[in-house]
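This report concerns only the one structure given below.
A quick note: this is a predicted structure, and the numbers were derived from the prediction, not measured. All heavy atoms count here, side chains included; hydrogens, waters and symmetry mates do not.
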Amino acid sequence: MFEQLLLADLVTDLPQAIRLQRLVSTLRAHFRCDAVALLQLDNDHLRPIATDGLAREALGRRFAVSQHPRLAAILARRGITSFDHDSALPDPYDGLVDDRAGEPLPVHDCMGARLHTEGRLWGAVTLDALEATAFDADTRAELQRFLVLIEATIRVTRLETEIRALRISRNTNALPDASLFEDCRIIGQSEAITRVLHELEVVADTELPVLLSGETGVGKELFAHRLHRLSRRRDRALVHVNCAALPESLAESELFGHVKGAFSGAAGDRPGRFEAADGGTLFLDEVGELPLAIQAKLLRTLQNGEIQRLGADQPRHVNVRVIAATNRNLREHVRDGSFRADLYHRLSVYPIPIPALRERNADVPMLAGHFLELNRARLGLRSLRLSAEAEDALQRYHWPGNVRELEHVISRAALKAVSQGVDRNDIVTLSPGLMDLDSPAPPSSGTAGKTAVEAAAVPAGMPLRDAVAACQRQAIRQALAAQDNNWARAAQQLDLDPSNLHKLARRLGLKTR
């Protein structure tokens, strides 16, 4: 039965994420275990790309192989590696298995195997069962037989990625590397982030200027790096210029260079950032901060590809693709005269708005998991995770500082927990009290008899999108509570199709298991 399901998926046109999710779910059902994870090797880290039975935050984690002896042992040998129920080796999933969330894994069985594609090490698959002696010799032999089908599924997924890469790079002579499309630094699976990543793929291999806009802390620099890595210029330099840090008196020299004697202290010729990026990409971060005089010179370069060093008589030709980023509304600055309209139109040939974190609420647990693992390693902890209440508080928070603020909140909470004298060999669980978040107040008892929308606690000033999401979460929770956590009856109460209710719940960040 297992082989039939996997073979059927291999010949079915499925989105990559669904194909891999069906793989781990089928493995978990067949082996009747509590958790399955498919992990891809990225340099010296293993990153989960599909899991079943683990907390959602696990998908955002990056497990350093050197810090996790079980994972290192699995990668070190061919065949099936198993760990007896009394193994003293720490488990990377401590506190992350759904049925034991936040608790140390009790005596349990674990087995895994390294996976290969095209003769190269690709990653690993791991299976965990909370029941001791669940994985006997026959079970391990069965997993060994299935490895060829698991690796075939990964090869199909990789082939689909390579085909997509070829389509995007159809105008280049170089064969693209499919790994470019698996940049693990941008974490998220929400509709908003998926849409942005698609936009990057569409425009990456053109020579069009791109304007990345978004609030402070959304990660515009990461998206600029991904855009460069997907482009035909990926083997050349990406030069980063922080326009907000350029003193007006030195901005022209920094961007375009100068010749000896151009000004006091110019002891020799010096190329600027445009020349440094020749053949590659120039990333103008916070471009809205450029002085008007420099904007005019920048426009000339974008128009004819020429620069002129300060103090030089002759122009120089440069071949540079420009990516700009801003947290300002440049249209408003055009209207008030602080930004040139012609430069704005040159820079924004292909504008891509980067969503704020509150617009990709479902990605918060994954991002939090990423920062939790970083802090776990930094602080030397056995395990670091969120309580269910803390996860809920993070998803309800407005995030004015976006992903950068989330990183700081997790780091600060982890440090506070350690300062309170926790045992580093225990699972450290972060509670809402360590987060210092201004969370919405819970509904009062006076809300009895009101609708879910009326009873939902929505703080003043919350954007309409967030207010609607908060009300939807409240309505789903109330329906589940009224129907004894029966999703089918809750869907009937809410007048929704059960599958649509599950989709909505996942989009809102609610657990559906």
What distance do [X] atom [atom1] and [Y] atom [atom2] have between them, rounded to the nearest 0.5 Å?
| X | Y | atom1 | atom2 | value |
| --- | --- | --- | --- | --- |
| T117 | L115 | OG1 | CG | 9.0 Å |
| S213 | L347 | OG | CG | 12.0 Å |
| I193 | E359 | CD1 | CD | 10.0 Å |
| R346 | L208 | CZ | CG | 11.5 Å |
| E289 | H333 | CD | NE2 | 8.0 Å |
| L39 | R62 | CG | CZ | 10.0 Å |

Inset, instruction - Tell me, with the steps shown, if E254 and R273 meet salt bridge (charged side-chain N to carboxylate O under 4.0 Å, His left out). - result: CA-CA 6 Å; E254 283 293 316; R273 302 295 181 87; 3.2 Å; yes

Legend entry - Atom CD of E207 with >12 non-hydrogen neighbours under 6.0 angstrom: yes

Legend entry - R77 atom CZ, over 12 foreign heavy atoms within 6.0 Å: yes

Flag the pair [X] / [Y] as yes when at least one side-chain heavy-atom distance between them is below 4.5 Å, and no otherwise.
| X | Y | value |
| --- | --- | --- |
| L41 | L121 | yes |
| L357 | L367 | yes |
| L71 | R114 | no |
| L381 | V418 | yes |
| H345 | R340 | no |
| K297 | I307 | no |
| E215 | R358 | yes |
| L284 | L298 | yes |

Legend entry - T51 and L96: CA distance, side-chain angles, deciding distance, side chain to side chain contact (heavy atoms under 4.5 Å, CB included) verdict: CA-CA 11 Å; T51 66; L96 296 176; over 6 Å; no

Between the main-chain N or O of [Y] and the side-chain N or O of [X], is there a donor-acceptor pair closer than 3.5 Å?
| X | Y | answer |
| --- | --- | --- |
| T326 | E286 | no |
| N402 | A356 | no |
| R233 | G279 | yes |
| R236 | A277 | no |
| Q189 | D363 | no |
| Q295 | F339 | no |
| W399 | L394 | yes |
| D269 | K260 | yes |
| R270 | H258 | no |
| D278 | N319 | yes |

Closest heavy-atom pair and its distance - [X], [Y]:
| X | Y | answer |
| --- | --- | --- |
| G305 | H317 | O-ND1, 3.2 Å |
| Y93 | A37 | OH-CB, 3.5 Å |
| R229 | R234 | O-CD, 3.3 Å |
| A390 | M435 | CB-CE, 3.9 Å |
| L384 | E57 | O-OE2, 4.3 Å |
| V403 | V218 | CG2-O, 4.4 Å |

Inset, instruction - Going by the side chain to side chain contact (heavy atoms under 4.5 Å, CB included) test, name the single residue among I150, L38, D52 that passes it with L27. - result: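 Among the candidates, only I150 passes.
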
Legend entry - Passing option when T281 is tested against V239, L238, V322, V210 for side chain to side chain contact (heavy atoms under 4.5 Å, CB included):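 The single option meeting the side chain to side chain contact (heavy atoms under 4.5 Å, CB included) with T281 is L238.
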
Legend entry - V318 vs E306, side chain to side chain contact (heavy atoms under 4.5 Å, CB included): CA-CA, chis, key distance, verdict: CA-CA 6 Å; V318 290; E306 289 183 347; over 6 Å; no

Inset, instruction - Applying salt bridge (charged side-chain N to carboxylate O under 4.0 Å, His left out), run through E275 and R309 and close with a yes or a no. - result: CA-CA 10 Å; E275 287 182 76; R309 289 185 179 182; 2.8 Å; yes

Inset, instruction - Would you check, one step at a time, whether the test side chain to side chain contact (heavy atoms under 4.5 Å, CB included) holds for V196 with F223? - result: CA-CA 9 Å; V196 171; F223 290 93; 3.7 Å; yes

Inset, instruction - Verify side chain to side chain donor-acceptor pair (under 3.5 Å) between T216 and N327, making sure each step is shown before the conclusion. - result: CA-CA 6 Å; T216 298; N327 61 3; 2.8 Å; yes

Legend entry - Step-by-step salt bridge (charged side-chain N to carboxylate O under 4.0 Å, His left out) determination, E407 to R404: CA-CA 5 Å; E407 178 183 9; R404 186 177 300 154; over 6 Å; no

Legend entry - Mutual orientation of the aromatic rings belonging to F256 and F274 [parallel < 30°, tilted 30-60°, perpendicular > 60°]: parallel

Inset, instruction - Give the intermediate values and the outcome of salt bridge (charged side-chain N to carboxylate O under 4.0 Å, His left out) for residues E199 and R195. - result: CA-CA 6 Å; E199 291 288 322; R195 186 169 57 249; over 6 Å; no

Inset, instruction - Just do the side chain to side chain contact (heavy atoms under 4.5 Å, CB included) check on V241 and V287 with the steps written out, would you? - result: CA-CA 9 Å; V241 179; V287 70; over 6 Å; no

Legend entry - Check: N375/R412 side-chain N/O donor and acceptor closer than 3.5 Å: no

Legend entry - Ionic contact status for K220 with D285, cut-off 4.0 Å: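 No salt bridge links D285 with K220.
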
